[in-house]
Amino acid sequence: MSDRKRVSLPMLFDKMTKGIPLTMITCYDYPMATLVEQAGIDIVLVGDSLGMTMLGYESTLPVTMADMIRHAAAVRRGTPNAWLIGDMPYMSYQASDESAVLNSGRFMAEAACDGIKLEGGIEMCSRVRAIVAAGIPVMGHLGLTPQSVSSLGGFRLQGKSAKQAKKIVDDAQALEEAGAFCILLELVPDRVCRVITERAKHCIIMGLGSGPDAHGQLLIYHDAFALYPKFTPRMAKVFADAGAVIREGLAAYVAEVTGRTFPQPENWFGMKDEEYDELVRLVG
Ligand code: KIV
């Protein structure tokens with residue numbers, strides 16, 4: 001049990017107004033969530049990146065609502081106090097406002113999330129309005145939006161030219177006007193992030209690989225702790241090499257089992273002599 005207060009929307013806006021940077025990290029399961037809770041992280045995103053980090057897919061596209069709900073509920077059990085956001089997976093909201101509201105509601109009802117995130121700008125404003133009207137806080141996601149990786153031409157910086165950047169600025173304004181309480185800017189140039197953050201009126205801007213000027217920062221858990229075997233993107237910083245620690249531990253485990261130094265008596269349970277003698281009698 002911790003004496004941490006449950007994070008609320010007013011608490012997040014209070015930090016933003018006071019210029020205190022907000023902390024956000026992705027998280028996908030119960031043991032990770034207990035650590036995130038102990039660290040006092042403000043916002044936790046159960047991202048559909050779990051398709052790559054936890055399930056080993058090449059992209060986020062195969063992730064289903066069932067995957068997301070199962071992971072989000074596990075994360076909530078581990079972090080009862082963080083502001084928890086469920087990430088709407090591919091095709092859970094693109095088709096219609098109705099599917100968007102129903103699937104957002106599942107995150108709230110079945111996983112006790114505090115809000116949801118969806119990708120896209122002006123073209124998604126109708127979805128944002130419908131979900132907000134249902135009483136569910138929405139985080140937008142602009143810049144590198146992995147569900148559109150095919151049309152974006154790969155996992156690369158977005159908004160490099162003034163024209164492309166202006167589109168992202170317009171999208172951010174439209175999302176805020178549609179009622180998004182927060183927008184994540186992923187992999188846009190630092191000055192684009194600064195312009196959007198300065199122009200935001202009632203909207204928290206979070207950055208991932210987009211420079212220091214957003215109201216807060218997001219990192220992908222597996223990037224921060226060197227747990228994704230395929231690559232670590234340049235925008236990430238490895239804060240602790242958990243992958244190396246686990247690799248070392250596994251090598252020691254293999255060595256001790258094969259060398260017969262594990263297990264030791266403290267790792268097993270015995271039985272009383274009379275019970276053992278009776279067992280021998282019973283099995284003949
Ligand atoms: O799924 C996810 O973790 C995300 C981040 C990349 C922002 O959407």
Side-chain angles (χ1 to χ4, degrees), residues 24 26-29 43-76 84-156 158 167-168 170-172 174-175 178-188 206 208 218 220-222 228 230 233:
M24 178 172 177
T26 66
C27 187
Y28 313 107
D29 64 26
I43 308 173
V44 171
L45 170 69
V46 184
D48 65 351
S49 51
L50 68 80
M52 298 167 80
T53 56
M54 301 295 286
L55 304 177
Y57 295 132
E58 289 299 319
S59 79
T60 60
L61 303 192
V63 176
T64 64
M65 272 304 293
D67 294 329
M68 293 305 299
I69 295 290
R70 172 160 289 220
H71 283 269
V75 170
R76 176 48 97 199
L84 186 64
I85 297 186
D87 200 12
M88 299 284 278
Y90 185 58
M91 284 303 143
S92 67
Y93 59 99
Q94 284 92 342
S96 66
D97 288 358
E98 191 184 345
S99 64
V101 172
L102 291 174
N103 285 317
S104 302
R106 290 193 61 191
F107 275 109
M108 309 299 277
E110 297 174 42
C113 285
D114 296 301
I116 63 93
K117 174 172 88 58
L118 51 74
E119 300 182 8
I122 289 167
E123 72 287 1
M124 283 298 149
C125 282
S126 155
R127 306 287 180 275
V128 174
R129 276 191 293 274
I131 298 167
V132 171
I136 300 170
V138 176
M139 173 187 243
H141 182 169
L142 297 172
L144 173 58
T145 45
Q147 290 174 14
S148 311
V149 68
S150 179
S151 34
L152 295 179
F155 292 95
R156 56 169 67 155
Q158 300 297 312
K167 163 88 173 85
I168 299 174
D170 291 345
D171 279 337
L175 286 174
F181 82 97
C182 181
I183 296 169
L184 170 68
L185 296 178
E186 179 173 353
L187 213 52
V188 302
M206 298 296 294
L208 171 58
L218 165 67
I220 305 285
Y221 194 97
H222 284 56
Y228 187 59
K230 292 188 178 160

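These numbers come from the heavy atoms of this one structure, side chains and all, not from hydrogens, waters or symmetry mates.
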Criterion side-chain contact (heavy atoms from CB on, under 4.5 Å) on L185 and I183, from CA distance to verdict:
CA-CA 6 Å; L185 296 178; I183 296 169; 4.1 Å; yes
Taking all non-hydrogen atoms of both residues, which atom of [X] and which atom of [Y] are closest, and how far apart?
| X | Y | answer |
| --- | --- | --- |
| P146 | E186 | CD-OE1, 3.9 Å |
| V75 | D29 | CG2-N, 3.5 Å |
| P89 | M65 | CD-SD, 3.5 Å |
| L218 | L208 | O-CD1, 3.1 Å |
| E119 | S148 | OE1-N, 4.1 Å |
| G120 | T145 | N-CG2, 4.3 Å |

Can you check whether [X] reaches [Y] side chain to side chain, under 4.5 Å on heavy atoms?
| X | Y | answer |
| --- | --- | --- |
| M24 | M139 | yes |
| V188 | L142 | no |
| R127 | M88 | no |
| T60 | D87 | no |

Y90 atom OH, over 12 foreign heavy atoms within 6.0 Å
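Result for OH/Y90: open.
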Would the number of heavy atoms belonging to other residues, nucleotides or ligands and lying under 6.0 Å from CD of E58 be above 12?
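Not buried by this count: 12 neighbours or fewer within 6.0 Å.
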About how many Å separate [atom2] of [Y] and [atom1] of [X], when rounded to the nearest 0.5 Å?
| X | Y | atom1 | atom2 | answer |
| --- | --- | --- | --- | --- |
| L61 | S150 | CG | OG | 8.5 Å |
| Q94 | M124 | CD | CE | 5.0 Å |
| C27 | H222 | SG | NE2 | 9.5 Å |
| Y57 | D67 | OH | CG | 5.5 Å |

For R129, which residues count as a salt bridge (charged side-chain N to carboxylate O under 4.0 Å, His left out) partner, sequence neighbours excluded?
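Partners of R129 by the salt bridge (charged side-chain N to carboxylate O under 4.0 Å, His left out) criterion come out as none, since no residue qualifies.
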With side-chain hydrogen bond (donor to acceptor under 3.5 Å, both in side chains) as the criterion, how do S99 and S96 come out once you've worked through the C-alpha distance, each side chain's angles and the decisive distance to 0.1 Å?
CA-CA 5 Å; S99 64; S96 66; 3.1 Å; yes
Is a side-chain N or O of [X] found less than 3.5 angstrom from the main chain of [Y], in a donor-acceptor match?
| X | Y | result |
| --- | --- | --- |
| T26 | L45 | no |
| D171 | I122 | yes |
| Q158 | R156 | yes |
| D97 | A130 | no |

Listing, residues 48-55 side-chain donor-acceptor contacts under 3.5 Å, not counting sequence neighbours, or none:
{"from": "D48", "atom 1": "OD2", "to": "Q147", "atom 2": "NE2", "distance (Å)": "2.7"}
{"from": "S49", "atom 1": "OG", "to": "Y28", "atom 2": "OH", "distance (Å)": "2.7"}
{"from": "T53", "atom 1": "OG1", "to": "S49", "atom 2": "O", "distance (Å)": "3.1"}

Criterion side-chain contact (heavy atoms from CB on, under 4.5 Å) on C113 and R76, from CA distance to verdict:
CA-CA 7 Å; C113 285; R76 176 48 97 199; 6.0 Å; no
Check the pair R106, L102 against side-chain contact (heavy atoms from CB on, under 4.5 Å), reporting the backbone distance first and the verdict last.
CA-CA 6 Å; R106 290 193 61 191; L102 291 174; 6.0 Å; no
side-chain contact (heavy atoms from CB on, under 4.5 Å) between L144 and F155, worked out
CA-CA 7 Å; L144 173 58; F155 292 95; 4.1 Å; yes
